[in-house]
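To start, the structure under review is shown below, and the notes come after it.
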2 protein chains.
Amino acid sequence: MMNTIEEILESKNIRVTAMRLLIYKFLAEKEIAVTLSDVENAFEKADRTTLYRTLKTFEEKDIVHQIDDGTGITKYALCEPGCNCDINTDLHLHFHCNNCNETICLTDHKIPQIKVPKGFVSENINLVVKGICDKCSL
Amino acid sequence: MMNTIEEILESKNIRVTAMRLLIYKFLAEKEIAVTLSDVENAFEKADRTTLYRTLKTFEEKDIVHQIDDGTGITKYALCEPGCNCDINTDLHLHFHCNNCNETICLTDHKIPQIKVPKGFVSENINLVVKGICDKCSL
DNA sequence: TAATAATTGCACTTCTATTGCATTTTATTT
DNA sequence: AAATAAAATGCAATAGAAGTGCAATTATTA
Ligand SMILES: [Mn+2]
Ligand SMILES: [Mn+2]
Ligand SMILES: [Zn+2]
Ligand SMILES: [Zn+2]
């Protein structure tokens, strides 16, 4: 049974505003990770700072996760239902296409156990595979 | 049997200049990945652009590899002897310490086989683990 | 309604990366 | 060795993303 966006935001202690609802919907429609510029282009009337801070707020409250795909431009994608951005259960692989420049979450591909040398403590893992995506490799 | 830096550069078709020798030595001494700023601070007399382009040249010729550790600042580290930055044999894990902010190559920790969905083609993999390094976790 | 708190919009700043072009240095050819 | 060509270097400027201070607006609470 699906919750409304309002309920989702409230459950994460984020106040519901018109802007936040719109941005949430925008992210939900996309199946690829988006940049701040993408959001800007989609909401030209809104101020960039507001959009920026909305994404930051979403990130802090585990509504979206930030993706660093190596392009130098931060991308964001909606978390899966039930995600708490936990290192052991929620982290997944990201794929960046060198051809179409899109980055997608491969949420079914969890990050394998990574061993680190003695004395090192893992807190977070970022795994990005680059190459050609399914749409571009036809 | 070790080659001289001159020989290494020449074998990669890079002209030997005073600046390049100095930068190579600087990188070789460091056991952590360095930023352009780090190099700048070490060679205050040299122009930043020259240092920047030297690192780019080194990268193109597989003398160094670039590391995107998620801090938003590109880092560079010398490749291992014999490295061709090949996806199957040379890619290794990088560790970024959230405490001291240093990033190191874990060259002994090769990146495990990563499966991607049908239709996707892997060309490169970036795997960064963040946490507390051995020096900081004591 | 009045007081309070959070959000939004605007202007500005910081920082990294990158480029165009003139000058200097290095390599090659005559 | 001198002339020529090619590459490297230095300087200045730009682009672009990220982030911040503060005033104005909107929502919440008393
Ligand atoms: Mn993702
Ligand atoms: Mn490395
Ligand atoms: Zn693609
Ligand atoms: Zn450390």
Side-chain angles (χ1 to χ4, degrees), chain A residues 5-6 8-26 33-61 63-77 96 101 103 126, chain B residues 5-27 33-61 63-77 96 101 103 126:
Chain A
I5 301 177
E6 281 89 344
I8 295 170
L9 295 182
E10 279 164 1
S11 75
K12 301 273 188 174
N13 289 314
I14 301 174
R15 289 195 182 174
V16 177
T17 69
M19 204 66 249
R20 287 172 179 171
L21 287 173
L22 286 169
I23 294 177
Y24 191 102
K25 275 179 206 151
F26 175 74
V34 302
T35 66
L36 175 55
S37 291
D38 293 334
V39 182
E40 252 185 286
N41 294 333
F43 302 99
E44 302 205 334
K45 294 164 199 155
D47 187 75
R48 199 179 54 85
T49 313
T50 303
L51 303 174
Y52 170 77
R53 285 198 266 233
T54 300
L55 291 172
K56 283 286 169 201
T57 302
F58 280 6
E59 192 201 346
E60 282 162 16
K61 299 301 173 75
I63 294 247
V64 303
H65 57 280
Q66 198 173 323
I67 302 161
D68 178 6
D69 62 13
T71 58
I73 301 167
T74 304
K75 295 185 179 169
Y76 302 88
H96 175 75
N101 209 36
T103 297
N126 185 39
Chain B
I5 300 178
E6 281 89 345
E7 286 167 340
I8 295 171
L9 295 182
E10 280 165 359
S11 74
K12 301 272 188 175
N13 289 312
I14 301 175
R15 289 198 183 172
V16 177
T17 69
M19 202 67 248
R20 287 170 176 172
L21 288 172
L22 287 170
I23 294 176
Y24 191 103
K25 275 179 205 150
F26 175 74
L27 292 168
V34 303
T35 66
L36 175 56
S37 291
D38 292 335
V39 182
E40 251 186 287
N41 293 334
F43 302 99
E44 302 206 333
K45 294 163 200 157
D47 186 77
R48 201 173 56 85
T49 313
T50 303
L51 305 174
Y52 170 76
R53 285 198 266 234
T54 300
L55 290 173
K56 283 284 169 201
T57 302
F58 280 6
E59 191 201 348
E60 281 162 17
K61 300 300 174 75
I63 294 248
V64 303
H65 56 281
Q66 197 173 322
I67 303 161
D68 178 5
D69 62 11
T71 57
I73 302 165
T74 304
K75 295 184 180 170
Y76 303 88
H96 175 74
N101 209 36
T103 296
N126 185 40

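Chain letters run A, B, ... following the sequence lines, proteins first and then strands; every chain starts at 1.
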Please list, one pair per line, the donor and acceptor atoms closer than 3.5 Å that link side chains of residues 40-51 of chain B to other protein atoms, with sequence neighbours excluded.
unit_1  : atom_1 : unit_2  : atom_2 : d
B:Asn41 : ND2    : B:Ser37 : O      : 3.3
B:Asp47 : OD2    : B:Thr49 : N      : 2.9
B:Asp47 : OD2    : B:Thr49 : OG1    : 2.9

Considering the terminal five base pairs at each end of the helix from C:dT1-D:dA30 to C:dT30-D:dA1, what angle separates the two local helix axes, rounded to 10°? 20°
Locate the shortest heavy-atom distance separating B:Asn13 from B:Lys61; write the atom from each residue and the value. O-NZ, 3.3 Å
Quick one: list whatever passes side chain to side chain donor-acceptor pair (under 3.5 Å) with B:Asp68, sequence neighbours left out. none
Residues at least two apart in sequence or cross-chain that pass ring pair (Phe, Tyr, Trp, His ring centres under 6.0 Å) with A:Tyr52, listed by chain then number, are none
I'd like to check the side-chain contact (heavy atoms from CB on, under 4.5 Å) partners of A:Gln66; sequence neighbours left out, ordered by chain and number. A:Lys56, A:Glu59, A:Thr74, A:Tyr76
What's the shortest heavy-atom distance between A:Ile67 and A:Ala33, and which atoms? CD1-CB, 3.6 Å
Can you name the residues that form a side chain to side chain donor-acceptor pair (under 3.5 Å) with B:Thr103, not counting sequence neighbours? B:Asp69, B:Lys75, B:His96
Under the side-chain contact (heavy atoms from CB on, under 4.5 Å) test, residues paired with B:Glu6 that sit two or more places apart: B:Thr4, B:Val16, B:Leu21
Heavy atoms of chain A, cut-off under 4.0 Å: which first and last nucleotide of DNA chain C, 5' to 3', fall inside that, if you could look? C:dA6 to C:dA11
What's the spacing between A:Thr57 OG1 and A:Leu9 CG if we round to 0.5 Å? 10.5 Å
Regarding the side chain of B:Arg20, the nearest nucleotide among D:dG10, D:dA18, D:dT9 is D:dT9
Residues in side-chain contact (heavy atoms from CB on, under 4.5 Å) contact with B:Ile73, at least two apart in sequence or another chain: B:Thr35, B:Thr71
Over all strands shown, is B:Thr74 touching base, sugar-phosphate only, or nothing at heavy-atom distances under 4.0 angstrom? sugar-phosphate
How long is the line joining CE of B:Met19 and P of D:dT9, in whole Å? 8 Å
Which residue lies more 5' along DNA chain C, comparing A:Ala18 with B:Ile73 via nearest heavy atoms: A:Ala18
Rounded to the nearest 0.5 Å, what separation is found between the CD atom of B:Glu60 and the CD1 atom of B:Ile14? 9.0 Å
Using 0.5 Å steps for rounding, measure from the CD1 atom of A:Ile23 to the CZ atom of A:Phe58. 6.0 Å
Could you check how far NZ of A:Lys75 sits from C1' of D:dA18, rounded to whole Å? 16 Å
Rounded at 0.5 Å granularity, tell me how far OG1 in A:Thr54 sits from CD1 in A:Ile63. 11.5 Å
Check: protein-nucleotides 20-25 of chain D nitrogen or oxygen pairs below 3.5 Å:
unit_1 : atom_1 : unit_2  : atom_2 : d
D:dG21 : O6     : A:Arg53 : NH2    : 3.3

Interatomic distance where CG belongs to B:Leu22 and P belongs to D:dA8 [whole Å]: 16 Å
Would you jot down, in residue-number order, the residues of residues 9-17 of chain B having a non-hydrogen atom under 4.0 Å from DNA chain D? B:Arg15, B:Thr17
Residues from residues 36-46 of chain A lying under 4.0 Å of DNA chain C - heavy atoms: none
